[in-house]
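Data block below; observations after.
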Number of protein chains: 2
Amino acid sequence: MLKERTTKQKMLILSTVCASKAHPTAEQVYDMLKNEMPGLSLGTVYRNLNRMAELGQIRRLSVTNSPDRFDGDLRPHHHICCSACGDFSDYFNVSDESAIDAQISIQTGFEIQRHETVFYGICPKCRACKQ
Amino acid sequence: MLKERTTKQKMLILSTVCASKAHPTAEQVYDMLKNEMPGLSLGTVYRNLNRMAELGQIRRLSVTNSPDRFDGDLRPHHHICCSACGDFSDYFNVSDESAIDAQISIQTGFEIQRHETVFYGICPKCRACKQ
DNA sequence: TCCTTATTGATAAATTTTACTATTAGCAAT
DNA sequence: ATTGCTAATAGTAAAATTTATCAATAAGGA
């Protein structure tokens, strides 16, 4: 009767994403794990990250000029990306995000599942480097 | 002394994106133009859309499960994407978006240039199709 | 332990985007 | 108009990212 099986690969991938604060790409997750599990396949990483995002276990982030990133932190928060160096940070201090979803649902008829916000700018370090 | 040249290709690409409310991908812009300008190259479309986005003439939208989209409407607004059919709509009713950028800039030291928000959900039409 | 089948590893292929280069064409100066 | 400089283009190849395919493996219920 059980459909979803627990595998060593799934457990490692999920724990890696949840332990990281770097919002890794699929390839970065793969790189972090291939020492610990030499036979691991990149396709397995992609397949599982996608499924976990669909199941709501992790968040999938689509970012300009970057492969998709994954975030194991499910608390409501935003992200800030430096256009110069690619630094990708969290921004908390978020107030009442679910209210926005509810408001938009009422106004548009969409059943809103989630939303993602990315701020783009220049990080303090790159600002210091002038130009 | 002039660097940026005005070409027929640039004018057509920009006017196409600005005239469309469909948030077209690069390939869709190319398809819309290849009748009018048979020799047009897809690479030219990509190159110019990227440059125009960098110059702030248009917005570049990174969306999960979709190639990047482009938006000629520079007024502050959000976007809603249907996870089922891919429908991609505008959402206006946005209050005080620049204040958020300013607040985050103060708190993080980033020089915020812009932000993009995409809401994901199920559109009214797909909700009606049950399941 | 056996059986069913979800999952994996390996690879190929699809998709999306960028890079390269000879040629074309915008435009400033003649 | 004509010339000269070079940004921009068309055409193509290639890079980068992601998904599909499939035989072999292994999870877990009977």
Side-chain angles (χ1 to χ4, degrees), chain A residues 1-17 23-55 57-70 81 83 86 88 118, chain B residues 1-17 22-55 57-71 81 83 86 88 118:
Chain A
M1 293 297 138
L2 192 60
K3 279 186 204 166
E4 191 84 9
R5 292 182 182 173
T6 303
T7 66
K8 192 179 176 190
Q9 289 87 345
K10 285 181 186 176
M11 290 187 290
L12 279 175
I13 291 166
L14 184 57
S15 65
T16 298
V17 173
H23 315 90
T25 66
E27 187 151 34
Q28 287 169 338
V29 171
Y30 172 71
D31 287 342
M32 288 189 264
L33 286 177
K34 66 184 176 189
N35 288 327
E36 191 169 351
M37 177 175 265
L40 182 66
S41 170
L42 180 58
T44 296
V45 176
Y46 269 104
R47 193 181 331 111
N48 282 295
L49 288 174
N50 278 342
R51 188 174 312 161
M52 290 167 191
E54 284 167 10
L55 294 174
Q57 299 173 332
I58 61 177
R59 287 168 65 177
R60 180 176 183 161
L61 312 172
S62 294
V63 188
T64 299
N65 290 324
S66 160
D68 281 2
R69 294 166 173 271
F70 296 88
C81 182
S83 307
F88 200 87
V118 180
Chain B
M1 293 297 140
L2 191 61
K3 278 187 205 163
E4 191 85 7
R5 290 181 183 172
T6 303
T7 67
K8 192 180 176 190
Q9 289 86 344
K10 285 181 187 176
M11 289 186 291
L12 280 175
I13 291 166
L14 183 57
S15 65
T16 297
V17 172
H23 315 90
T25 65
E27 187 151 34
Q28 288 170 337
V29 172
Y30 172 71
D31 287 341
M32 288 188 263
L33 286 177
K34 65 185 177 189
N35 288 327
E36 190 169 353
M37 178 175 266
L40 181 65
S41 171
L42 179 58
T44 297
V45 176
Y46 270 103
R47 192 183 333 109
N48 281 295
L49 287 174
N50 278 342
R51 187 174 312 160
M52 290 167 190
E54 283 167 10
L55 295 174
Q57 299 173 331
I58 62 177
R59 287 168 65 177
R60 179 176 184 161
L61 312 173
S62 294
V63 188
T64 298
N65 290 324
S66 161
D68 281 3
R69 294 167 173 271
F70 297 88
D71 192 346
C81 182
S83 306
F88 199 88
V118 180

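Letters go in sequence order (proteins before strands), and every chain restarts at 1. From a predicted model like this one, the values you see are computed outputs, not experimental measurements.
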(message) Quiz question: going by heavy-atom distance under 3.5 Å, is there a donor-acceptor pair between the base of C:dG26 and the side chain of B:Thr7?
(response) no

(request) Nearest whole angstrom, please: distance from the P of C:dA25 to the CE of B:Met11. (result) 14 Å

(request) Among the candidates C:dC27, C:dG9, D:dG28, find the nucleotide nearest to the side-chain atoms of A:Ser41. (result) C:dG9

(request) Give the intermediate values and the outcome of side chain to side chain contact (heavy atoms under 4.5 Å, CB included) for residues A:Met11 and A:Thr6. (result) CA-CA 7 Å; A:Met11 290 187 290; A:Thr6 303; 3.8 Å; yes

(message) Evaluate A:Val63 against B:Ser62 for side chain to side chain contact (heavy atoms under 4.5 Å, CB included), listing each step before the verdict.
(response) CA-CA 6 Å; A:Val63 188; B:Ser62 294; 5.8 Å; no

(message) Under 3.5 Å, is there any donor-acceptor pair linking the side chain of B:Arg47 to the base of C:dT18?
(response) no

(request) Please check the phosphate of D:dA10 (OP1 and OP2 only) for any side-chain N or O of B:Thr44 closer than 4.0 Å. (result) yes

(request) Could you check how far CD of B:Glu4 sits from P of C:dA25, rounded to whole Å? (result) 19 Å

(request) Report yes if a side-chain nitrogen or oxygen of A:Gln9 is closer than 4.0 Å to either non-bridging phosphate oxygen (OP1 or OP2) of D:dA26; otherwise report no. (result) no

(request) Just compare C:dT7, D:dA10, C:dG9 and give me whichever is closest to any side-chain atom of A:Leu40. (result) C:dG9

Protein and nucleotides 13-17 of chain C: nitrogen or oxygen contacts under 3.5 angstrom:
from, atom 1, to, atom 2, distance (Å)
C:dT17, OP1, B:Asp68, N, 3.2
C:dT17, OP2, B:Tyr46, OH, 2.8

(message) Judged by each residue's nearest nucleotide on DNA chain D, which is more toward the 5′ side, B:Asn48 or B:Asn65?
(response) B:Asn48

(message) My understanding is that only one of A:Val45, A:Asn48, A:Val29 makes a side chain to side chain contact (heavy atoms under 4.5 Å, CB included) with A:Val17; could you say which?
(response) A:Val29

